[in-house]
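Because the structure is a prediction, the values reported are computed rather than measured. Here, residue 1 is the first one in the sequence, and each next residue gets the next number.
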Amino acid sequence: MLKKLSGLYKRAVDFAQTEKRKVKMATHLEEYLSFYQSLEEPGYAVLVTGEWGAGKTYQVLKCISEEKRYYVSLFGVQTVEQLHAEVMAVASPKLSKASASLNQASEKVAAGGGFFALAGLTPSVFNAIFKRDIKPDRTLIFDDIERSGLVIKDLLGVINSYVEHHKFRVVAIAHDEEVAKEFFVMKEKVFGQTVRVEALVDEAFVSFLEKNIDRRAKKFVSRYRKDILETFSSSEVQSLRVLRHVIEDVGRLSHCLTDKHLSNSSAMSELVKFFTAIDIETRMSRLDRDSLRDRQRVIMGYHLKLGLSKDEKPEKPNLMIADERYNSIDLASSLLSDNVIFSMLFEGRYPEAAIQECLDSSSYFIEPSEAPPWKVVINFDEIDDTAVEAAREKMNRQFAERSVTNSGEMLHIFSLKMMMVEKGIESGSLEELTASCMAYIDDLLKSGDLPPRGTDWQWYEEFNRSYDGMGYWVSESAADYFKAVWDHLIMAREKALEYQIPKIWGDLKILMLNDAKQFLEKVSPTSNGENKYAMIPLFNHIQAEEFVEVWLSSPKQNWRYISLALANRYSHSRIEHDLKVEKEWVIEVYNELERRVAAESGFQSLRISRVIPKILRELSEDQ
């Protein structure tokens with residue numbers, strides 16, 4: 001058998017060398033299938049494999065024209081008889097139609113499966129009819145073999161029957177690499193040749209470009225075709241489905257760009273390569289939201305762990321594994337922010353303003369005279385020294401004058417000054433600079449210019465780890481100093497909120513007296529409304545007696561809402577965590593209410609007793 005196959009392969013080579021080709025060089029699949037079709041009764045089938053989405057079916061059907069093939073998809077085929085029926089349907093439609101009539105006319109045949117009985121239960125009859133009416137003058141193509149319900153052994157038996165008994169040329173297409181491996185192990189003498197297909201990327205690109213993409217997008221994608229294809233090649237992905245999505249996505253991205261952006265070819269080339277790489281990695285599920293969050297910090301964190309590790313190397317993050325595939329692309333680039341990437345690739349939204357803002361903040365489009373000084377300094381690699389030095393001097397004036405109050409901008413300035421001290425660009429030590437940064441924060445707090453902390457429990461997410469699409473420039477040696485400044489800033493902004501509590505309490509008193517339902521929405525978590533103060537310590541700064549006095553001075557219909565507000569506020573163990581500092585206050589409120597119960601009589605005493613939240617009693621009893 002091996003000797004026979006060796007001789008056939010030599011014939012294939014000779015045939016390929018003498019065959020005349022039109023316009024372009026044939027692929028190895030075209031060469032082999034052209035040779036295979038020239039054989040009469042080859043005695044073996046051909047197995048076509050390749051990565052998912054590589055366009056195997058398209059290439060096979062392109063090689064074997066419609067008038068020279070019988071195409072059968074095995075998707076959903078559950079039995080050998082059903083497979084024979086599918087072949088009969090394409091090879092002899094008239095006979096297939098007659099079998100359907102036979103199925104309707106005979107209950108006996110119908111009970112046995114109609115045509116399936118004719119094909120499966122009486123093979124000698126089926127073979128006779130098949131040999132008489134159907135000639136093996138076409139190539140039989142079985143597609144989607146891994147999507148049938150047949151076990152591989154039975155499927156191989158069927159393929160072998162068409163090759164050995166009916167003398168067909170048979171091409172089987174396996175879209176699943178694992179199924180192809182199983183076929184290879186069990187193939188015995190059924191498959192005489194396995195051909196692995198590579199995606200026809202250039203041809204597919206042209207085809208995808210002509211379909212479902214508008215004129216503006218087509219122009220942009222065509223201009224940066226080389227960047228897209230080089231990145232696609234670096235990804236080592238063969239799926240043309242992914243390539244099609246990438247082309248569509250790059251086209252959508254082009255609609256978010258202004259003429260200013262489009263005219264900068266260097267910036268657009270980097271943008272297309274970066275976006276294409278991230279797009280491919282997410283579509284292949286090699287990167288997800290968690291892998292892409294805080295990209296610069298992920299890489300810095302890995303190198304920090306690597307430097308501290310003495311024995312085993314830390315596990316390499318997925319982002320770094322992906323980054324190593326692309327030699328000329330930095331997947332940690334700040335060209336697009338994490339949030340913009342999440343919007344586009346995980347939510348399907350392309351936020352035009354946010355995309356433009358990211359690009360305008362990059363070194364390609366930043367105007368040193370108009371941009372915040374820290375943005376110029378952080379992009380010093382691509383900006384002239386004169387502009388960088390001017391920005392550094394302006395940033396130092398901002399530091400001395402305490403003119404920047406936004407937390408994200410402050411942290412950028414602090415981290416850049418630490419970098420310059422480390423590199424000898426500015427004098428001093430990290431210890432001295434850390435003290436100066438803390439003094440900056442204290443001065444803003446004292447003057448009332450430091451914004452108070454937000455009322456959401458994630459209030460610092462806006463400037464956590466990065467701000468304005470750029471991570472803070474923090475080296476390994478400066479990390480502890482920067483964290484000390486960060487902690488001081490968080491503490492100071494919490495203190496700034498405390499300074500506003502008298503005004504907040506004044507507003508809440510008005511609600512307790514006039515709109516207790518709104519009071520409930522403000523101070524406790526509910527399914528609707530603005531729960532502005534639900535998760536921040538607040539009441540520990542208020543006298544318990546004053547709170548109870550306002551409560552019991554309000555209209556009687558408000559009492560239940562105020563009681564419910566406290567019950568909701570301290571449920572689910574919040575009093576043991578976020579609101580722990582209010583625990584003593586809660587007990588004082590309970591004691592004051594009980595004192596009022598004892599001091600009153602009649603319905604008033606009973607009314608106060610009934611309005612005390614159960615959780616206040618429980619917390620008091622636990623003491």
Side-chain angles (χ1 to χ4, degrees), residues 1 4-5 8-9 12 27-66 68-91 119 130 134 136-200 238 240:
M1 183 63 184
K4 177 182 178 182
L5 291 178
L8 290 174
Y9 181 75
T27 66
H28 66 284
L29 179 67
E30 288 176 317
E31 290 182 359
Y32 192 84
L33 290 185
S34 180
F35 156 74
Y36 184 65
Q37 290 179 89
S38 72
L39 302 177
E40 293 185 9
E41 302 181 15
Y44 66 92
V46 174
L47 178 64
V48 176
T49 70
E51 287 194 24
W52 175 85
K56 294 177 287 296
T57 300
Y58 169 80
Q59 292 191 49
V60 169
L61 297 184
K62 182 183 176 184
C63 294
I64 305 175
S65 60
E66 187 173 357
K68 295 182 180 181
R69 71 183 184 232
Y70 293 129
Y71 175 82
V72 178
S73 172
L74 302 188
F75 178 58
V77 172
Q78 301 296 319
T79 65
V80 170
E81 291 76 19
Q82 188 180 356
L83 195 157
H84 285 311
E86 295 291 339
V87 174
M88 185 68 75
V90 296
F130 199 94
I134 302 175
D137 55 350
R138 298 191 185 190
T139 299
L140 184 56
I141 300 173
F142 288 127
D143 198 0
D144 301 311
I145 60 176
E146 70 281 354
R147 301 176 74 183
S148 77
L150 293 170
V151 298
I152 291 179
K153 183 178 180 182
D154 291 341
L155 186 52
L156 286 171
V158 173
I159 294 174
N160 189 57
S161 70
Y162 284 107
V163 171
E164 292 289 339
H165 302 299
H166 302 298
K167 309 303 180 182
F168 268 90
R169 296 179 298 275
V170 176
V171 175
I173 306 173
H175 296 280
D176 188 305
E177 291 283 0
E178 294 303 317
V179 171
K181 290 177 182 177
E182 291 186 60
F183 264 72
F184 187 80
V185 172
M186 301 179 62
K187 68 178 185 177
E188 300 170 345
K189 61 179 181 179
V190 176
F191 294 108
Q193 183 68 42
T194 298
V195 182
R196 194 176 192 283
V197 169
E198 299 293 332
L200 300 179
Q238 285 284 308
L240 296 180

Which pair of heavy atoms, one from [X] and one from [Y], lies closest together, and at what distance?
| X | Y | answer |
| --- | --- | --- |
| Phe142 | Ile145 | O-CG2, 3.9 Å |
| Tyr36 | Tyr44 | OH-O, 2.6 Å |
| Val80 | Val158 | CG1-CG2, 3.6 Å |
| Leu83 | Val77 | N-CG1, 3.7 Å |
| His84 | Ser161 | CE1-OG, 4.4 Å |

Among [options], which residue satisfies the side chain to side chain contact (heavy atoms under 4.5 Å, CB included) criterion with [X]?
| X | options | result |
| --- | --- | --- |
| Leu47 | Val190, Thr194, Ile159 | Thr194 |
| Leu29 | Lys56, Lys62, Gln59 | Gln59 |
| Ile173 | Val46, Thr49, Ile141, Leu74 | Ile141 |

Can you name the residues that form a ring pair (Phe, Tyr, Trp, His ring centres under 6.0 Å) with Tyr70, not counting sequence neighbours? none

Partner set under side-chain hydrogen bond (donor to acceptor under 3.5 Å, both in side chains) for [X], not counting sequence neighbours:
| X | value |
| --- | --- |
| Gln37 | none |
| Thr139 | Arg169 |
| Ser73 | Asp144 |

Which value, rounded to the nearest 0.5 Å, describes the distance between [X] atom [atom1] and [Y] atom [atom2]?
| X | Y | atom1 | atom2 | result |
| --- | --- | --- | --- | --- |
| Glu164 | Glu41 | CD | CD | 10.0 Å |
| His165 | Asn160 | NE2 | CG | 6.5 Å |
| Lys68 | Cys63 | NZ | SG | 11.5 Å |

Please check this pair: side chain of Ser38 against backbone of Phe35, looking for a donor-acceptor N/O pair closer than 3.5 Å. yes

Sidechain-backbone polar pair: Gln193 side chain, Phe191 backbone, donor-acceptor under 3.5 Å: no

Could you walk me through whether Leu240 and Tyr58 satisfy the side chain to side chain contact (heavy atoms under 4.5 Å, CB included) test, starting with their C-alpha distance in whole Å, then the side-chain angles of each, then the deciding distance to 0.1 Å, before giving a yes or no? CA-CA 11 Å; Leu240 296 180; Tyr58 169 80; over 6 Å; no

Kindly indicate whether the side chain of Tyr71, heavy atoms from C-beta on, has any atom under 4.5 Å from the side chain of Thr57. yes

